[in-house]
Every structure is written in structure tokens, then in C-alpha cells.
Protein chains: 2
Amino acid sequence: MTSSSPPPALAHSAGVAHAHKGDGDVLRCLVCDIRNRSLCSSMDEEGLAALAHSSRQLQLPPGTTIVEEGEPALAFFNVTGGTVKLFKSLPDGRRQITGFADAGQFLGLSTAQTYSFGAETVDNVRLCRFLRPQLETLLSDYPTFERRLLAAVTDKLAEAQEQMLLLGRKTAREKVATFLLDRMRAYHLTMGHTRQEVENLASVPMTRVDIADYLGLTIETVSRTISAFRRSHLIASAENHRIRILSVATLLTIASGQKPD
Amino acid sequence: MTSSSPPPALAHSAGVAHAHKGDGDVLRCLVCDIRNRSLCSSMDEEGLAALAHSSRQLQLPPGTTIVEEGEPALAFFNVTGGTVKLFKSLPDGRRQITGFADAGQFLGLSTAQTYSFGAETVDNVRLCRFLRPQLETLLSDYPTFERRLLAAVTDKLAEAQEQMLLLGRKTAREKVATFLLDRMRAYHLTMGHTRQEVENLASVPMTRVDIADYLGLTIETVSRTISAFRRSHLIASAENHRIRILSVATLLTIASGQKPD
DNA sequence: CGCATAGTTGAAAGTTTTCAAAAGAGGTGG
DNA sequence: CCACCTCTTTTGAAAACTTTCAACTATGCG
């Protein structure tokens, strides 16, 4: 709820306009440039064709609601481009962002009838949508795919535990340092190659509100902490919502709970 | 690290003494009283025999280390009795308990070579241990078991997200109220039948230190908050590390972020 | 060019933590 | 069976980190 445009309902409105029919191009998955970094890497050529048939590709603008808390859990998504935020809210509006899903990450898994979380695009997002029954079929037909999903969810759980440590036990300073390093890693991953120019850059497409809601802080504290890092020459601003990390080592020390200035 | 006895290394010492050979009694799983509430519910009779063959049953005293952060991830566990705490630590000793695994819950899943978390018994714990290769075999041989595990991990992830909301956005008061209600639900689940006498009782076998490390608070704040609830007659002490919840409705209101006293 | 939104900075307020000490609980041994 | 010791829990007061409230600056889009 931070973008200027009012969040459209779901893929039914904004997304479908750009949607490619699931059975339109069987090659879609075969030529997908991030498939090696996603669940789809578990598939052979036949499996990739099945994936293409089972899914629709959507292209969504910033601030679009993908999944609404409490709504029927009808679909599963694989992010192929951009960044999605996942969150949970309290009745009075307090919100916790539980994670950012960058390209190659999945979202929307649920054993309950309804989603227990919301999801919204941060920037321009491309994703593949699988309806529940189609996902179930894929899991049954392709054991390697199911095994890969199990591994992916297991990794997400480990990530969540790491975030719990951050939320429950780290100081504001430590939280922000951790966040910046995580964003640097995420950027390196989505860029694939760790090119010279990309090195030590962190992609931060989300607003201060989102960062605050992710770290369990207020926007003011986030802003102050980032300013302090900048003053200490630990980081510097870069073009296009990016931050250059000038001292990875120091930030690592801070993030892990040791004091250095 | 709350028990009086120094924590023994692992099953190798304390546990094995009480261990039952995996292939000792094929009936073990068949007669397990909590199997309907665990992963094992996905198994037919043949599968249950395979489970019994693949696992060892351990009986561990309070304060025993089950899994050590950073050690090779060699085994997977299913808790059949008692309560286990899972946690992550910072170098300076700060600790976050990421969850309590009661009877029927699993722990020890990892895609990495080493565990990214620690696990320790809270009280007397019974659990079934599966070595990695044996678990893999089970997953491959019994698709329903794998599907059930996927669902269980998915549920754990949803739980983790709920806990992130608590850690990042709830007040001390709201955190403790949520915790007490969760413990009441856990008690009802492990007791199976929601008998009259059991109603509104919460089982709290863990120390204040553990509660504090779970809620991202200090022991003093936890103690003060519980005392305040007691003074307000929202709760009352009961025998055997139990707490009687006198006003579930009020506690629910508080836990969900509304103000009531 | 100007309004609107996002981000920054300052000062006061507040919730939680830290420091300290007393009270309670559990276990051991005389 | 009670005394005693240790560990846990409770309670109080001061300190601290983060939040809240407020105002100002920067950035972006029509």
C-alpha cells in the first residue's frame, strides 16, 4: 500500500491483459532465463512443456495485489522477474512483511482453504500462475518437481527462522545491516554473473515503509540508521534504487551482532 | 540451557541407553498413540512397518541437546512425546527460540549439509529418529508420506510467518497473550479429547528464559506481564506448570491487537 | 512549475531493558 | 522432617533504545 496507484483486485484485472495463454507457447519455460534458479530446474524437456501448459504468465505493475489475506487459496506462483512482498496484518493496520520474493522464488503455497498472508508487487513483476488442481497434478506426475518444492519450502523455513532471530533479538543497526547484505546477495543472484560493476551493489526497490515493516521498525529509525551508515562511509547511494556497499566486512560484523562502528 | 544437569552431547550418550532398535518391533508405529496427529498418518500398514524399520525411538531427559547449530544434518526427528525447543543464536549469546515442537511435530529438516538451528528438550521427550538416507528412501517409496511432509513444512512456514508478525509488530502484552493461547491450543491438541477438566488449561513446561527468548522479550518483562494478567484475573496458576485461562475471549482480543484490559 | 508522495532530521515520550535485590521453589543432607 | 543451598521468578527503579510527533527537504509526475 505504498505505490501511488490504487491496488487493482488481482490478476483478473491488471494481469490478464498481459497474460499469455498457458497452452500458447510450449517453449516459454524452455527459454525462461531464470528457470535454472527456480523450481523448474527439476524438470526435463517434457516436464517443462507440462509446466508451460499448466501455467499462465502474468506481468503486473508495482503495487498490484497478487494474493489477499483470507481469500481462497486458488493459485500458486513462481516469480520470474521483479520483486514481490509477502505480509501479514493486524486488525488495526500494523503490518509485518514476512519476506520479499525475487525472481526464482515461489509464493502462494497453502494447506488451508484460504491464504494466511497477502502478497503485492513491489516493482514490475513477471510471474507464472498455477491453479491449485494443476499444481497438484504436476506434483503427482513429476516426483522430482515435488522433491524440489519440498526443498524450496524447507529453505524458506530456514530463512524464516533467520528472520525471527533478526526480529526478536537484533538491534535496529543490526537489522538494517543484515537487510542491506541480504539485498546485495539477492541482487547478485538475480544478476547471475557477479560482474565487476555489479559487485557490492544492493537492489532496494522497496520503500522505507516496506523496509520498516520487514524489519519490525519505523520508517524514521530505518532512515536514521541508513543515514548513519552513509555518514560512516559504510554505504553510498547509487542510481536506480540501488545502494553501494563500501565495506562488506564491517557490515557483516555489525549484522552478526558484534559492535564495530 | 535451563536445566540443572549439564546438557549431554546427543542421542549417543543419554538417548541410546533408552533406544529401541529400529527393526526391533514392527508394531511400534502401529500402536503409536499419536500417529494420527503426525506425518505417520499418511502411512498404511506396510508403510508403518517401513517407518518402524527406518527409525529408532529415543527417550531423552530435560535439557538434552538433540541438534546442534552448525553440526552435520544427519537426522530427522518426529516428536512423539514431550516438548522440544528450536532456536538460533548470535555469537554473543543472544538467542531466539523459533518454535516449540510438541508431540506430533517433526524437526531436523534441512537441505544444507549442516543444521542452521539447534534443538533441545524442554521436558521428558520421546522421539523417533530417522537418518537422512533412510528418510530419503521413505520419501521415494511412499509418495503419500512425501506429500504429507510437504504439507507439514508448509504449515510450519505459515506458523513462522505468524510468529514474525508477533515478533515484529506486537507489544509485550500482545505477545504474552498470544503465547498463552497458543499453549492452550497445544495442550488441547496433545490431550486429544477436549475434556471438561482440561478446558482452558495451558501447558507451560518451559522456563521464563525460554518464553522470553521465544517472544523476543526479557524474562522480567514476561514475568511482569504474566503477573499483570493474573492481577486482572485473566489467568490463574494451576498445578504442574500449567496456567488456567479465565477469560479466553479477553486474551484473544488482546492477542489480536485490540486494547481491552 | 507545482502539488503530492517519499524520505530525512530533530526533540520529546514511551515501552522495554538493564541493573539490583528480595521472595519462592526444588532438591539434598543432616 | 526441617535446614540449607541454589536456581528461578518476581518486583522496583533507573537507563536506553526506539517510537511518536512535527517540520522540513527531496523527488516524481501531470
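Bear in mind that the values here come from a model prediction, so they are computed numbers and not experimental data. Letters A, B, ... mirror the listed sequences (proteins, then strands); counts begin at 1.
- In this structure, B:Leu215 places its CG atom 12 Å from P of C:dT16, rounding to the nearest Å.
- A close approach under 4.0 Å does not occur between any side-chain nitrogen or oxygen of B:Thr207 and OP1 or OP2 of D:dT8.
- Here B:Arg94 pairs with A:Glu174 in a salt bridge; the nearest charged N to carboxylate O distance falls below 4.0 Å.
- Between the CZ atom of A:Phe229 and the C1' atom of C:dT8 there is a distance of 16 Å, given to the nearest Å.
- Rounded to an integer number of Å, the gap from CG of B:Asp213 to P of D:dT9 is 12 Å.
- Distance alone, capped at 3.5 Å, places no donor-acceptor pair between the B:Arg231 side chain and the B:Ile226 backbone.
- Residues A:Leu107 and A:Val84 are in side-chain contact: their nearest non-hydrogen atoms beyond the backbone lie under 4.5 Å apart.
- Note: NZ (B:Lys175) to P (C:dT17) measures 7 Å, nearest angstrom.
- Put simply, the side chain of A:Met184 does not reach to within 4.5 Å of the side chain of A:Ile243, judged on heavy atoms.
- Straight-line distance from the CD1 atom of A:Ile211 to the P atom of D:dT19: 14 Å, rounded to whole Å.
- Rounding to the nearest 0.5 angstrom, the gap separating the CD atom in B:Glu220 from the OG atom in B:Ser227 is 12.0 Å.
- Of the side-chain N and O atoms in B:Arg173, none sit less than 4.0 angstrom from OP1 or OP2 of C:dT16.
- Across the protein-nucleic acid pair, B:Leu166 atom CG and C:dT16 atom P stand 12 Å apart, rounded to whole Å.
- Atom CD in A:Glu239 sits about 13 Å away from atom P in D:dG28, given to the nearest Å.
- Residue B:Ser227 is classed as a sugar-phosphate contact, given heavy-atom separations below 4.0 Å to backbone atoms only.
- Proximity of B:Thr80 to B:Gln59: side-chain heavy atoms (C-beta onward) are nowhere separated by under 4.5 Å.
- Under the ring pair (Phe, Tyr, Trp, His ring centres under 6.0 Å) criterion, B:Phe229 pairs with no residue, sequence neighbours left out.
- B:Gln96 places a side-chain N or O within 3.5 Å of a backbone atom of B:Tyr214 that can act as its donor or acceptor partner.
- Across B:Thr178, B:Val176, B:Leu234, a single residue satisfies side-chain contact (heavy atoms from CB on, under 4.5 Å) together with B:Leu251, and that is B:Leu234.
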Look for any protein N or O under 3.5 Å of an N or O in nucleotides 19-21 of chain C and output each such pair with its distance, or none.
unit_1	atom_1	unit_2	atom_2	d
C:dC19	N4	B:Glu220	OE2	3.1

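- Closest of all the heavy-atom pairs between A:Gln105 and A:Lys156 is NE2-NZ, 2.6 Å.
- Note on A:Ile226: nothing from the nucleic acid sits closer than 4.0 angstrom, heavy atoms only.
- The residue among A:Ala228 and B:Lys170 whose nearest nucleotide of DNA chain C is located toward the 5' end is A:Ala228.
- Of the listed nucleotides (C:dG7, C:dT17, D:dT10), C:dT17 has the atom at the smallest distance from the side chain of B:Thr218.
- Closest to the side chain of A:Leu217, out of D:dT19, D:dT9, C:dT8, is D:dT19.
- Between the CG atom of B:Asp210 and the P atom of D:dC7 there is a distance of 17 Å, rounded to whole Å.
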I'd like a table of atom pairs between the protein and nucleotides 22-27 of chain C - only N or O on both sides, under 3.5 Å - with the distance next to each one.
none

